Amino acid sequence: MPELPEVETIARKLNASLAGSRILSVDLRWERSLAEPSPAEFVRRLNGQTFEQVSRRGKFLHLSLSADHMLIHLRMSGDLQVVSGVHLPEKHDRLVLDLSGDRCLVFNDTRKFGRIWLVKDPDQVLGKLGPEPLADDLTVQVFQKRLGERHRQLKPLLLDQTFLAGLGNIYTDEVLHIAKLHPCLLSDSLSEAQVEKLWLAIRDILQEGIRRKGSSFDRVYRGGDFQNHFRVYGRAGLVCPVCGTTIERMLVGQRSTHFCPNCQPGKDG
DNA sequence: CACGAGACCTGTTCGC
DNA sequence: TGCGAACAGGTCTCGT
């Protein structure tokens with residue numbers, strides 16, 4: 001499910017509700033959700049700690065504790081929320097923390113792809129991530145230099161978290177449509193004007209996603225409504241909102257990719 | 001370095 | 001209706 005705007009939305013919500021909460025008990029219900037340390041050490045170390053702050057880096061949730069850092073990646077189907085009162089564990093709950101104040105922190109993850117780390121130094125996990133797309137120091141100039149250093153198709157490059165941290169399959173398709181760039185264009189072939197369009201589109205789309213509190217699919221994540229404003233993602237066979245041409249779907253780097261052949265022509269278009 | 005295939009998982013939707 | 005195939009918001013590892 002979650003890309004940068006969804007993770008940001010969850011982080012803000014958790015930060016407001018979790019700060020100061022003390023962990024009273026730890027119920028790790030699926031051990032393989034834990035990347036490190038061992039389950040026994042995880043439970044022992046976590047017990048009694050207090051949450052201080054929740055933030056986001058790329059698609060990672062960063063939960064600062066009194067003596068450790070808990071990092072959580074939701075991958076495809078993960079969700080993390082605070083629930084009040086008694087929580088009866090549900091089928092796909094992978095971690096449940098009993099908290100002070102009669103609440104629980106629940107990590108629910110149908111497909112079991114999500115991962116949890118408990119570490120002393122968050123850089124152990126976050127160290128390889130590329131820049132934050134919305135950070136002030138990612139200027140057009142810096143972005144242009146990074147694009148030029150690679151020779152890759154735009155879509156897989158934008159999905160590469162060591163190149164840029166936070167874009168996923170939905171937002172990448174939306175970004176390329178706004179920027180009027182074909183997903184298969186090579187990163188070192190763009191004009192200065194095209195680079196600037198791409199840079200602006202990334203910022204615009206992510207900010208719109210955050211403003212709309214992300215996208216909601218199925219019943220995994222509640223709250224956001226960006227899914228009602230997709231321009232191309234999931235809209236193959238429907239018309240492009242800009243020019244009316246039928247939107248197409250193709251595979252790029254094994255990922256389903258949606259684009260407007262008129263707005264986003266390839267090199268022969 | 002770039003890229004494709006396969007793995008990791010469960011659930012829903014699609015096509016016959 | 002039934003059943004298998006295809007597909008889903010992500011990432012890792014291995015081979016070429």
Side-chain angles (χ1 to χ4, degrees), chain A residues 1-11 29-36 56-61 71-80 90-95 107-117 124-130 133 146-177 183-189 205-206 208-210 212-237 249-258:
Chain A
M1 149 192 98
E3 306 181 28
L4 188 152
E6 289 76 28
V7 180
E8 177 68 25
T9 301
I10 292 171
R29 307 176 64 79
W30 181 254
E31 292 195 346
R32 296 184 65 180
S33 293
L34 187 60
E36 68 169 281
R56 175 196 60 75
R57 173 77 173 94
K59 299 176 195 170
F60 286 84
L61 287 162
L71 297 157
I72 299 182
H73 198 304
L74 302 173
R75 294 277 174 91
M76 293 288 265
S77 60
D79 194 14
L80 192 65
E90 289 169 21
K91 186 175 180 187
H92 304 301
D93 288 352
R94 308 304 178 196
L95 175 68
F107 172 58
N108 185 281
D109 181 23
T110 302
R111 292 177 69 181
K112 298 178 174 172
F113 287 162
R115 287 295 178 271
I116 303 167
W117 293 256
Q124 274 176 253
V125 180
L126 307 176
K128 286 180 179 170
L129 288 179
R146 290 178 69 83
L147 283 168
E149 286 165 352
R150 310 296 211 93
H151 183 70
R152 294 181 64 184
Q153 293 180 324
L154 288 178
K155 164 117 184 191
L157 183 59
L158 293 173
L159 287 173
D160 182 340
Q161 302 297 297
T162 68
F163 178 76
L164 191 65
L167 287 180
N169 208 37
I170 293 177
Y171 289 88
T172 300
D173 282 2
E174 297 296 309
V175 159
L176 290 171
H177 179 255
C184 296
L185 288 177
L186 292 170
S187 56
D188 57 355
S189 75
I205 286 288
L206 290 177
E208 183 187 353
I210 292 170
R212 297 190 183 282
K213 300 188 188 307
S215 316
S216 302
F217 280 79
D218 311 319
R219 46 192 88 149
V220 179
Y221 172 66
R222 304 143 295 278
D225 75 333
F226 189 59
Q227 73 280 4
N228 298 322
H229 302 272
F230 293 161
R231 294 143 177 94
V232 285
Y233 182 84
R235 304 191 69 245
R249 173 183 177 276
M250 68 189 290
L251 280 185
V252 182
Q254 337 284 60
R255 303 302 300 277
S256 184
T257 298
H258 314 76

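All chains are named by letter (A, B, ...) in the order of the sequence lines, taking the proteins before the strands, and each is independently numbered beginning at 1. Note that the coordinates shown come from a computational prediction; the quantities given were computed from them, not determined experimentally.
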> In the 5'-to-3' direction, what one-character label does each nucleotide of nucleotides 6-11 of chain B receive under the scheme B = base within less than 4.0 Å of a protein heavy atom, S = sugar-phosphate only, - = no such atom?
Replying inline: --BBBS

> Can any side-chain N or O of A/Ser216 pair as donor or acceptor with the backbone N or O of A/Gly224 at less than 3.5 Å?
Replying inline: yes

> How far does the P atom of B/dG11 sit from the matching atom of C/dT1, given to the nearest Å?
Replying inline: 23 Å

> What does A/Tyr171 touch in the nucleic acid at a heavy-atom separation under 4.0 angstrom: a base, only the sugar-phosphate, or nothing?
Replying inline: nothing

>> Using atom C1' in both nucleotides, what's the gap between C/dG10 and B/dC1 to the nearest angstrom?
In response: 22 Å

> Taking CG from A/Leu157 and P from C/dG10, how many angstroms apart are they, rounded to a whole number?
Replying inline: 15 Å

> Starting at the 5' end of DNA chain C, which residue's closest nucleotide do you reach first, A/Arg249 or A/Leu159?
Replying inline: A/Arg249

>> Given a 3.5 Å cut-off on both pairing distances, which stems involving DNA chain B, each at least three consecutive Watson-Crick or G-U pairs, are present, if any?
In response: B:2-8 with C:10-16, B:10-16 with C:2-8

>> Can you confirm whether A/His151 is buried at NE2, in the sense that more than 12 heavy atoms of other residues, nucleotides or ligands lie under 6.0 Å from that atom?
In response: no

>> Checking A/Thr257 now: which residues fulfil side chain to side chain donor-acceptor pair (under 3.5 Å) with it, not counting sequence neighbours?
In response: A/Lys155

>> Suppose we screen for side chain to side chain donor-acceptor pair (under 3.5 Å). Which residues come up paired with A/Tyr233, at least two apart in sequence or across chains?
In response: none

> What pairs of residues pass the salt bridge (Lys or Arg N to Asp or Glu O under 4.0 Å) test when at least one of them lies in residues 159-172 of chain A, not counting sequence neighbours?
Replying inline: A/Arg152-A/Asp160

> What pairs with A/Gln161 under side chain to side chain contact (heavy atoms under 4.5 Å, CB included), at least two apart in sequence or on another chain?
Replying inline: A/Lys59, A/Leu129, A/Ala165

